[in-house]
Structure formats: structure tokens, C-alpha cells
Amino acid sequence: MQTLTVIIPAYNEIHYLEDAVRSVAFAQQIIVIDSFSTDGTFELAQSLGCTVLQRQFDNFSNQKNAAIALATGDWILFVDADERVTPKLKLEILSTLENPKHAGYKINFPHYFMNRFLYHKVDRVTRLVKNDGVHFTGDVHEKLQVNGTIGQLQHFMIHYTYKGLFHALSKKNSYAWFQAGMSKEKGKKATIWHLLFKPLYRFFSSYILKKGFLDGIPGLALASVNAYGVFSRYVKLLLLEREMK
């Protein structure tokens with residue numbers, strides 16, 4: 001029988017963590033890697049019977065790689081504290097592990113925004129992987145490196161992407177600083193092209209190419225937030241460039 005480890009990164013997620021843990025109770029091991037939460041998340045994770053690791057956050061890849069080192073399962077499922085494995089997805093995962101045909105599997109993630117799921121704004125992300133030399137690279141939009149082919153699961157993972165508009169903008173700003181720092185290290189510079197056309201393309205991609213318009217007002221709002229995130233990244237890169245002068 002193939003065993004499963006679930007890894008959940010967390011920071012001040014006391015209102016979300018318990019439901020996430022209960023949704024993956026079928027796993028043989030649940031690891032919560034906590035970035036020194038101040039709201040009781042660490043204590044809650046312990047009370048739920050999880051293996052809990054506290055580590056000072058430096059970047060997303062290092063955080064998850066530290067948890068991978070503790071994983072004892074044949075397979076690893078990565079779940080955020082604001083995500084939930086549905087009963088249908090649980091059964092599909094268990095069935096897949098009985099006879100896996102790939103080294104990893106992507107899962108569908110509809111965005112949750114303005115109190116509804118946007119089924120036309122769906123990300124497909126590799127989250128279920130064989131525990132065989134897997135590791136993450138990159139600081140912000142970390143990439144999971146897998147030894148083998150990647151398949152696709154059919155059922156959705158519930159993801160409460162944004163707790164509200166201000167939370168969405170806050171997340172975009174946080175990511176923007178990380179991305180700007182990475183661009184600076186690579187010697188990239190912000191230009192008029194980045195400030196004007198890249199945000200416009202992100203809006204066009206989110207709203208038209210990915211059919212966000214089919215999700216009504218929430219789809220329009222989310223496309224605008226995504227465009228703002230790109231604009232914010234390059235504004236922050238300009239600020240970092242000025243600090244160097």
C-alpha cells in the first residue's frame with residue numbers, strides 16, 4: 001500500500017488550519033511547517049496530531065523543502081491552510097495511488113473571490129508527487145521539480161484564494177516585493193513597457209483568454225487585481241533601482 005504525507009505551510013492561519021487538516025485526515029502523516037505564527041496556529045497544529053516544524057520564513061521553496069525532508073510517505077500532497085480536499089478528490093487520490101501511472105499529478109483549483117468560486121478561473125498545479133527526490137526551486141512562484149511525467153486529476157481542490165478585496169491586494173503587494181527582489185538580483189530593469197503593457201496584457205489574459213468574463217463582476221474584479229499585481233511588481237522594482245543609486 002502506498003503511503004501519503006501531506007505538507008501544509010502556515011503562518012497565522014488559526015481560522016483555516018483545522019478544516020484543512022480534517023480534509024486530509026486520510027493521510028498517514030500530516031506535516032505543518034509554521035513560520036512562527038503568533039495567533040495560536042502552532043499550538044492548534046500540535047493539538048490536531050500533526051507533525052509540526054517551526055522555521056523562520058525566508059522563501060517559499062526553502063520552507064517547503066524543509067518539510068519534504070521530514071516526509072515519510074511514498075507520496076506527498078501539498079495543501080495550503082486555506083485549501084480543502086473534497087470527498088471526491090480524496091477518493092480520486094486514493095484510487096490513483098493504488099495504481100499510479102505518473103510521478104506527479106496536477107490538481108484543478110478554481111479561484112474563490114467575492115464569495116463565490118470562479119470556475120472559469122482555474123489553475124492546474126502539480127501538488128501530488130512521488131516522494132523521490134522532489135524539491136522546490138524559486139522564491140515566490142516556486143516550481144516543484146519532479147522526476148518523471150505529470151498527469152492530471154479531474155476533481156477540484158477547494159481554495160479560498162482571497163478573504164476579500166483588501167486581502168487580495170495585500171497578497172499581490174507581498175508577492176510583488178519578492179518578485180521585484182528576484183528581478184533586481186537578475187539585473188533586470190523596469191521600463192515603460194513593463195509599467196504599461198504588461199499589466200494590460202495580464203488583464204487581457206485573465207479576462208479574455210482565460211474566460212474571466214464568464215464569471216461576471218467577480219471575474220472582472222479579479223482580472224483587475226491581477227493587472228494591479230503586475231504593475232505593483234515593476235513599481236517596486238523601480239524603487240529598488242533608486243535605492244542603488
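All figures in this text were calculated on a predicted structure; none of them were measured in a lab.
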Exercise for the section: Have a look at S35 and tell me which of Q56, Q63, R55 forms a side chain to side chain donor-acceptor pair (under 3.5 Å) with it. Expected result: Q63
Problem - K198 side chain reached by W193 side chain, heavy atoms, under 4.5 Å - result: yes
Exercise for the section: Answer yes or no: is there an ion pair linking E18 with R22, defined by an N-O contact shorter than 4.0 Å? Expected result: yes
Problem - Pairwise side-chain contact, V129 with T126, heavy-atom cut-off 4.5 Å (strictly under) - result: yes
Practice task
Kindly state whether the ring of F204 and the ring of F197 have centres lying under 6.0 angstrom apart.
Solution key: no
Exercise for the section: Consider only side-chain N and O atoms of Q145 and H135, and report whether a donor and an acceptor are under 3.5 Å apart. Expected result: no
Exercise for the section: For the residue pair F156 and T86, establish whether any side-chain heavy-atom pair is separated by less than 4.5 Å. Expected result: no
Exercise for the section: Would you confirm whether E92, through its side chain, and H155, through its main-chain N or O, come within 3.5 Å as a donor-acceptor pair? Expected result: yes
Handout entry: Distance-only polar pair, side chains of E142 and S61, donor-acceptor under 3.5 Å
Key = no
Handout entry: Polar side-chain atom of D39 near backbone of I14 as donor-acceptor pair, under 3.5 Å
Key = yes
Problem - Polar side-chain atom of S95 near backbone of L91 as donor-acceptor pair, under 3.5 Å - result: no
Practice task
Using modelled atom types only, decide if a donor and an acceptor are shared between the side chain of S23 and the backbone of V85 within a distance under 3.5 Å.
Solution key: yes
Exercise for the section: State, with a plain yes or no, whether a side-chain heavy atom of T5 is found less than 4.5 Å away from one of W75. Expected result: no
Problem - Side chains of F78 and I68 in contact at under 4.5 Å (non-hydrogen atoms) - result: yes
Handout entry: Modelled atom types, side-chain donor and acceptor of N147 and K130, under 3.5 Å
Key = no
Problem - Residues, nucleotides or ligands: over 12 heavy atoms within 6.0 Å of R202 CZ - result: no
Practice task
Answer yes or no: is there a donor N or O on one side and an acceptor on the other, between the side chain of S205 and the main chain of Y201, under 3.5 Å?
Solution key: no
Handout entry: Between Y228 and N173: side-chain donor-acceptor atoms closer than 3.5 Å
Key = yes
Problem - 4.5 Å side-chain heavy-atom contact, D80 and P9 - result: yes
Handout entry: Validation row: Q2, D74 side chains within 4.5 angstrom (heavy atoms)
Key = yes
Problem - Any donor-acceptor N or O pair under 3.5 Å, side chains E13, S37 - result: no
Exercise for the section: Go through the side-chain N and O atoms of T41 and D34 and say whether any donor and acceptor fall under 3.5 Å apart. Expected result: no
Exercise for the section: Compute whether any side-chain donor of one residue and acceptor of the other, for R124 and N108, lie under 3.5 angstrom apart. Expected result: yes
Exercise for the section: Check whether any side-chain heavy atom of I30 sits under 4.5 Å from a side-chain heavy atom of V79, and report yes or no. Expected result: no
Problem - Backbone N/O of F109 and side chain of D123: donor-acceptor pair under 3.5 Å - result: no
Exercise for the section: Check whether more than 12 heavy atoms from other residues, nucleotides or ligands sit under 6.0 Å from atom CG of L209, and answer yes or no. Expected result: yes
Problem - Same cluster (ILVMFWY, side-chain, under 4.5 Å), I33 and F60 - result: no
Problem - K236 versus S232, side-chain donor and acceptor atoms under 3.5 Å - result: yes
